[in-house]
Each structure stands twice: as structure tokens, then as C-alpha cells.
Amino acid sequence: MGDDPVGLLDVLLGLAVVAGAATALTARRRMGAVVSFLVLGVLLAVLWSRLGAPDVALAEAAIGTGVTGALFVDAVTRGPPAARPPGAVPGAVPGAGARAGVSGALAAVLLGAGLGTAFAGAAGAGAAPGGLTGQVLGRMDVAGVEHPVSAVLLNFRSYDTLLEVVVLFVAVLSVTATLGEERPRHPAPAARAATLVWFCRVMAPVLVLVAAWVLFAGSDRPGGAFQSGAVLAGALILMDTAGLGPGPDHGRLLRVALVVGPAAFLVVAAGGLVAEGEWLALDPVWAGGLIVAVETLLALSIGVALTVVFLALGRGRVSPP
Amino acid sequence: MTAGLLLELLSAVLVVAGTGFFTVGTLGLVRLPDLRTRLHALTKADNLGLGLVVLGLVLQAGSAGAAAKLLVVWFLAMPASAVVAHLMSRGGGLSAAGSAADGPGTPGEGGSGGG
Amino acid sequence: MNDPSALLGLVVLGPLALVLVTGVLPERWLPPVGLAGAAGTSAAALVLAAHVGRSGPVGHDLAGWGPPLGIVLRADGLSALFLALTALVGAGVTVYAASDRAATGDHPRFWPLWFAVWAGLDAVYVAGDLFNTYVALEVVGLAAVGLVALGGGPAWGPALRYLFVAVLGSTLLLVAVALVYAQAGTLELLAAGERLASSGWDSRWAAVLVVVALGLKAALVPMHAWLPPAHGSAPTAVSAVLSALVVKAAFFVLVRMWFWVLGPEPVLAVVLGLLGALAVLWGGVLALAQRHLKQVVAYSTVAQMGYLFLLFPLTSAAAGDPEVLRAAWGGTAALVVGHGFAKASLFLSAGTLKSVYGTDSLSELARVVRPLPSVVMGMGVAAVTLAGLPPSLGFAGKWQLVVASVGSGQWGWAAVPIGGGLLSAAYLLKPLTVMLREPQDRARPLPESRSASLRVRYAPLLLALVPLVLGLAGPALPDLATTGGPPGGGP
Amino acid sequence: MSTLEWYLWVAAALLGLACVRLLLARDPLVRLIAINVAGSGSLLVLVALAARTDPPDPVLHALVLTGIVITVAFTGVGLVLLRRAEEAAEAPGEDGAAGNGEGP
């Protein structure tokens, strides 16, 4: 697909993505920037599926646009009112003057041109197309899962995934550190709108079901722990917005749920060393079961981690661990 | 006119009609003055648009499972947009009292930079 | 099972387990568990470093898949050097943090975030895979931002600026890794280097991306503006860790990419050398102008990092002469280790004075009748290493850099260590004279607002003495630094 | 101009725009959006290179997934820091010094 001449659809999609990014970056008001960013997220999800990457499209929609979008909208709408920089237009973005615009645009064009030639050079002469595709597809029989991307994530390059889950855990630690000693003041759970409570009671179980389906689909088609974690985070955030979320006394439960994913990964890593002589080694016989077990706990930890980050942003109801 | 071609044609017509409704919805979002009229335009046009697009794709869906999943997308989207529209029309009413941050009638802040 | 290559995984997965444990434990258990964990981690790292020193580089295939598919961990001489530095300085800072709560921003989150930085640093030093290096740098970057944020209100702004710089650097590094993978077809470091060397691909663009990305994270002038506010407003133990260790991880990855993967670029090497010289000059001048002790020490980090970037022009001008290469590598190694210990000690001293006297502004500290003698002694000894006076490692490093620049016929670079030494002596002696002089107006002495425990007063001095003793280690350091040296650039 | 080259140019445009706005924009929220756009640009390079072969390269897709999760982690911390910094600036007395507030 890579080297046939570019089609109309690709040109339109590329231009739409660049236009969306330009709007998001140069919007005059914060809310406008965030809305454009959400539109850009949707366009990117379409772009990834167009480039033959369904896993990435699913992750972009669930995490890149879903959770990140929720974080941005919450930051813009619930921020302290005075925080919005005073300007003629409420929420005007300072520094968006004409002179800055021209020099910024010039710099962007130059940088873009430079990067463009670099990328074209890399993809051009003598590049090694396909990279490790053959290696991965050749070893799928002992990988424990049928879907190549899940096999790479949780078996061939599982060390990267372990470090990445630690990055998410570190994010939760940093976020809860800024809350300081005093527990966030829990606003008395105001009577939530009846429709919201009803909607949450109906949708939360459905969302958890979708999260479970996405998780277990990951072994033979696009899906997996990260996308399922994001859907789970959506369910938990919805429950919290409707006032049904975990209360302050669930702090310890949340803390355990956060740690259980990476902890299981470390236990499997040590088990691999003891059994096979190398860290993270998975015996082909046990690989399938171990991967699904670790992936389930990972999805739980990722879902809770994303929710705690969201709640800490709004000094949410729950007392983050 | 083999059945396959007919199916192909029908789903194309449905999808195009769906996108037509989306365009009308977006036009409503841009042109209409205040929050409630915009919500009115969005929820009606977009839901219908999504329904038509989904039906068009269901005709092309390979297996029954894929068709079922497409319909689930629509069934999840409809209540979500209805409830969100309801809450927003009560003035950003997370709580029952409806803290009138933006209050009905004044143009909502959002939607200015629509893509 | 106890083959030494398993240590490669232990130095990373050990601290990761500690991150989870200290993230969950109640507060009163954290200092003891932290001390025990730090002891274990540094022991593992030191045993690994000794093993590499004795019998050369060691590798470990993770998850049982050999390269190029799986990820391989590898430690050669350079990794061993940085691992040992992280272990020793890390242990010292942990002892200091366990005995003084104020040094940790008075917050239990210090311990898991600190072990996350430690695990990330070890992961960077033992990574044998390009993308793995990127993810390890992300762990270090985000944990460091979290640690800076522990400084409370005034630290949140600088922490956010630090986050922007870290992410911009990482994004550019990821693009460079993508370009290399597109060209080489493998993510494994050594194999990618060999394939790029034989493929004749013009890797200049990737080299520029890597230099900008890691120059940002290593605070190379003119990309240094984020460092002083971040390191200045962070709690004491955090500033010590950031300046002594975290900034060096970016330099380490730049060296890896430069010598092992992309191959030296002569023109870019001279540019890096000039920026390093500018850093030494500009950082020194700014340090002289500061009125707060922690800012002086933070700007001194920007200045001292400049010396390390002389490695690139000296090795590319050495044209394979083993004597010059050994001097360049040995000199840089000595400066890395010397700066690590001395800077950690200096920041701990500055933090102790700040917590005891409530301020680190030099004019206020001048009113102190007799500041803590052991802490001021520690600052003096650290100044000996940073200024490069014999017998410290600073001197050994600068001497070898001069030998390398003379040996390679490029006399110009010799001016940087010599001139830089004078400048750093100037900005380090200024705060010392403030401490040692008789206070002018005896009427308003500044009282001790808090008492400092014994360990807190003597830890900085101990840390500052280590580079002096190591200065006498002679050839041990250059040998270690050049074990398993780079294909083109090493002896 | 092949499809691959076109998408590499789109990625270069995203990266160029985002890096400039990340450095020049004064409002931290716009800089956080620039982080995400720059991240998407770098991931587009990876996915475009992966699409050169018919079954796209699964290793690159796994790397991109890792990149997306890391970007959301950084964005979360950035937004919380932004919120705290603004709250501190707005009400310095009340909760400005959550820790012991050391500072120059």
C-alpha cells in the first residue's frame, strides 16, 4: 500500500488532519482549542484505520481522544474562573497576536520542510521495508496469542509494556502528590439530575461489558489491555460524575487496584527467570494463560489509573490513594 | 441488476443520506443562535444521520456478528446523546438544581471552533 | 540461575518492585523500607559494575527471544560506570532523605517517585534496544517532573515547564528512532549501528534530531533555561538527584546514539563542542550573578555539563589515535563521576543550610554567626572537585581533556577546562566567603530555626570526599570507560 | 509522490506546527495540546513506515500503542500541574503551599 501513487482519499484525510491540528493549535479561545483537538482525535482515528492499524485506531479513539479529551474538557470548564486569562474575549489565548502568528507560521513551515526531507530520505533509498514483520509472523505459533500486535506487546517486547505501565503508575503518583496532605474536600454529594443517575445505572454495566469484550478480543483481533482500560476508565468516570463512584473509604481498594497490574507483571517476570533462565520468559505451553491473566489485571490497573488522574484533576470526590 | 449490485447501491444511498443529515446538523450548529436550538439541531440530525450510516454499513457487513456490533454502536450513541442534550439544556445541570453557569438562552461557550 | 547477566534485569526490576511497595505502604514504614531497598539496589548495581570491569560486557535476552525480535539488555564499561555512580550517589542521597523529612518535600510520595527515577536510570544504562531507551527515558522524565512538583506551590510552574521540555525531547528522539528503524530494519542498538555504517545512509538528519532532543533534556545551552528554576524550587534531596544523575542519563543516551548507532558527524561534533564551551562560560557567569545558593548550584550544573560535550569534537579529531581517544574517554568519565558526587554534596549542603536557617539567600546567610562547620567544610571539598583542583577527579578529568586536545592537535579545546576551572572556582568561592567571613552587623544574627541531625550534617561532607579519593584511582576509570568501547570512536 | 511520502509530509507538518506552538505559545493549555499533536505527528511517522508492507509491521504498531499511553500519562500530569499552578496563582494563601513551599 505504501508506494502506489497517493489517492484522493489520502490527500483529503491528510489535509483534514493538518487543518484540524492548525485549528486546535491556533484557536483564540481555550474551549475552541479543545473542541478542535477532539475533532482532530476523530480524524486521527480514521487516519490510523486508513493506514491499516486498527489497534492504533481503537487506542486513539479510546485513549487519545476519549480520556485525553475528557481531561482537557474538564480542565477548561471546571478550572478556577479567574484562571482563564483575562482578554477581550473570555478565555482568549494570550500571545496570539499577528506578529507572533507570522513568525510562528514561518518557523513552522521551515521546520516542517526540514523534517519532511529527513523523513523522505529515511523512507527512500535502501530502506528496510517490513522490518521485523517476518520475524514476528514466523514465531506466532509459540507466542500464546494469535494477534501479532498483542503478541509483540505482551510476549516478544513485554519489557516495554512493563515500563510503560510503570510510567502510568508514576503519573498517578505525581498527580496525587500535588493534592498535598489534606484530603480533597468532598462536596456533599449534591442530588444529581435524575436522568444522569438513571443513565449511569444503565450504561455502567454495559460499558464494563464492552471493556471485558475488548480485553478478551485482544488475543485474536485488535483490542487488549490499554483500549479496555480506557473503556473501563470511561465507565468509572461516568459513575463518579453521577455520584455513584467509589467514595473516600474506598481509597485502599483503589490503591490495591492500581498496583495489582504492574505487580502481576513483575511476578511473571521473576517466574520467567526462575523457570526459563531469562526475565519475562514465557513457556509456550503457559504463555496464553499467563498473557490473558496479566492483561486482565493490567486493564484493571490502567482503568483505575486513568480515572484517578481524571479525579485528581477536578479534586474529585474520591480520596485518591 | 444482481442482488449484490442492488445491495451495494442501496447501502451507498443510505450512507450518503446519512452524511447529508450530519451536514445539516453541523449547519444548524453553526447558524442557530442559542444553546437549545443548537442542541435541537444536533441531536435530531446527527442521530438520524448515524442511524442511516449504520444501516448502510449493516448491508455491507460480512457476518451477522459485525452487523450486530454496528447496531450496538447506534444503540449506545442514541441514549448517550439524548441524556447529554437533556443535561446541557438544563444549564450544564450536573446537579438537580441546574447551576445556571451558562443558563438557558445565552449562547454556550463551546462550538465556536467546530471542525 | 545466578549467572551475572540476570543482574541486568534485577537492577531495573528491583527498584520497580520498590516503586510499587513504597507506593502502597503507610508513611511510617517508608524510610526504613527505602533504606533497605536502596542498599539492595546499589549492591546489585555495584556487583554488576565490578563484573563488567573484570570480564567485559555482559548481555541478557529478555523473555527468551534473542535480538532482533526481543529486547536485549547489555552493560559495557560505560554502563558500568554510570550504574556505579547512580548506585553510590543514590545511596548517599537516600541516607540523607531518610534522616530529614524536609529534604523530601515533607511528602510520602518522594519514595516511590525516587525509586522510579532510579529504576529508569538503570533501565537507560542497561538498555541494548533503541525504543527501550526511549521508554526508559520517559520513566525518568515523568518521575523527575513528579519529584520537582513535590516542592509545593512555587515548584508547580517550573515542573510544568520541565514537563514540556522533557516531552518535546522525547518526541524528537522517538522520530529519530523511527528513522533509524526504517533504515536499519532492527531496533537492537549494535546491529542497527553496523547496518547503518554499511548502508551508507546519510544519517545527518537523524543526528540533528538526536542532538536537539537530548540537548534539551541535558540542558545544553541555549536549551538550559528550564533547569535552574526546576532544580532550584525542588526539595533538597530531589535537586541533588536531578542535577547529579538525571541530567546525565540524557548525555549517556546521546553518547550511545552518537558512537554506537549513527556514527560520528565531524561538523556536528564541532558545534557540540562550541555549545559545551558556551555552556561552561555562560553557566559560570550566570552562577556568579545569582544571589541564592540553590540557584548558584543549579547554574553550576549547566556549566559543568558543558565539559562533557567536549568528548565529541575530541574523539572525532583524534582520527583513531588510541592515546588521544583513551584520554578523551577517561577525562569525560572522570568529570561525569566527579561532578555527580560533588554536585549531590553541594545541593545537600545548600538544602541543609536552607532548612536550618530558613533561607538560602546569600545576603541573609551572611548574618549567620557560625554556620554549620561540617556543612561548610562539605561545600569547600565539593568546590575542590568542581573547580578541578588536584587530587580530585575533577582535576584528573580536566587534565586528560587537555592531553586529548593537545594530542589531537586542536589546542583550542584545552582553553575550556582551564578557563572553566577558574570560573567555577570564582562562583563557588563567593558563597564560601559569605559563610567564612565575620558577620558585619553582629546586632542581628540569624538564629538556627531547626536543628539538623548528625547524618544530615555529615552526609554532604562524605559525598564530597569520595571524588577526592577516587582521584587517586589512576587508570581504573579510563579502563572501565573504554571496556567494550564503541566500534569507530573507541581504542 | 507515493502514499507513504504524502503521509510523511503530513507528519512533518504536524510536528513542525506543534513544536513551534509548544515553544512559542504563552498559554500552557495550548502547549499541552501541542504535546499531543506533536505526539500524533511522531506516531504518524511510525504508522506510515509500518504501512510500507502488506501485513503492516506489528512491532511498529506496538510501539505506537506504547507512545499513545505515554502521551496520555504526560498530558494528565501536565493538566493537573496547570490546574494547581492556576489555583495557587489565584488564591496564594489558601492552598498555595501544599508541601512546605521551598522556593527561591
Side-chain angles (χ1 to χ4, degrees), chain A residues 1-3 6 10 14 17-18 21-22 24-25 30 33 37 44 48 51-53 55-56 59 63-64 67-68 71 75 79-80 82-83 93-95 104 107-108 111-112 115-116 119-120 123 129-133 136 148-149 152-153 157 160 164 167-168 171 174-175 178 180 226 309 312-313, chain D residues 1-21 24-27 29-30 33-34 36-37 40 45 47-53 55-59 61-62 64-66 68-70 72-73 75-77 79-84 86-87 90 95 98-99:
Chain A
M1 197 275 283
D3 42 17
V6 60
D10 297 311
V17 163
V18 173
L25 290 170
R30 280 188 164 186
F37 175 70
L44 281 173
W48 301 137
L51 282 170
D55 295 76
V56 177
I63 301 173
V67 175
T68 314
L71 288 172
V93 176
L111 189 56
L115 291 169
F119 298 160
L132 298 170
T133 316
V136 170
V149 175
V152 170
L153 271 177
R157 292 185 65 93
D160 277 345
E164 173 203 337
V167 167
L168 205 54
S174 317
V175 151
T178 66
F226 305 110
V309 170
L313 179 59
Chain D
M1 161 92 80
S2 74
T3 311
L4 169 66
E5 259 174 44
W6 163 251
Y7 281 122
L8 287 177
W9 276 100
V10 169
L14 285 181
L15 266 170
L17 207 65
C19 290
V20 164
R21 283 302 283 168
L24 291 186
R26 234 200 302 281
D27 177 9
L29 190 94
V30 173
I33 290 181
N36 282 277
V37 173
S40 303
V45 171
V47 177
L49 292 173
R52 287 179 304 181
T53 52
D57 186 347
V59 172
H61 289 177
V64 170
L65 277 173
T66 308
I68 288 179
V69 174
I70 286 176
V72 80
T75 310
V77 173
L79 278 169
V80 170
L81 283 176
L82 170 63
R83 166 70 58 82
R84 295 291 174 274
E86 282 174 350
E87 275 170 1
E90 177 215 329
D95 51 16

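Labels below follow one simple rule: chain letters A, B, ... track the order of the sequence lines, proteins then strands, and each chain is numbered from 1.
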Any donor-acceptor pair under 3.5 Å linking the side chain of R21(D) with the backbone of A34(D)? no

For each of I68(D), I70(D), V37(D), tally heavy-atom pairs with chain A at distances under 4.5 Å, and name the one with the top tally. I68(D)

Inter-residue atom distance F226(A).CZ - D55(A).CG, 0.5 Å rounding: 11.0 Å

For chain A, which of V45(D), L29(D), V77(D), V59(D) has the most heavy-atom pairs under 4.5 Å? L29(D)

Pairs of heavy atoms under 4.5 Å with chain A: top-ranked of V72(D), I33(D), L15(D), L17(D): I33(D)

Using salt bridge (charged side-chain N to carboxylate O under 4.0 Å, His left out), reason through E86(D) and R30(A) one step at a time and then give a plain yes or no. CA-CA 14 Å; E86(D) 282 174 350; R30(A) 280 188 164 186; 2.8 Å; yes

Can you tell me which portion of V64(D) sits under 4.5 Å from chain A's heavy atoms? Options are side chain, backbone, both or neither. side chain

Selection from A171(A), G112(A), G116(A) maximising heavy-atom pairs under 4.5 Å formed with chain D: G116(A)

So what's closer than 4.5 Å to chain D heavy atoms on L71(A): side chain, backbone, both or neither? both

Most contacts with chain D, counted as non-hydrogen pairs under 4.5 angstrom, among V309(A), V149(A), D160(A): V149(A)

Please check: side-chain N/O of R157(A) versus main-chain N/O of V152(A), any donor-acceptor pairing under 3.5 Å? no

What heavy-atom pair brings S40(D) and W48(A) nearest, and what distance separates the two atoms? O-CH2, 3.9 Å

Heavy-atom contact with chain D under 4.5 Å, split by part of V136(A): side chain

Does one side chain, of N36(D) or T75(D), offer a donor that lies under 3.5 Å from an acceptor on the other? yes

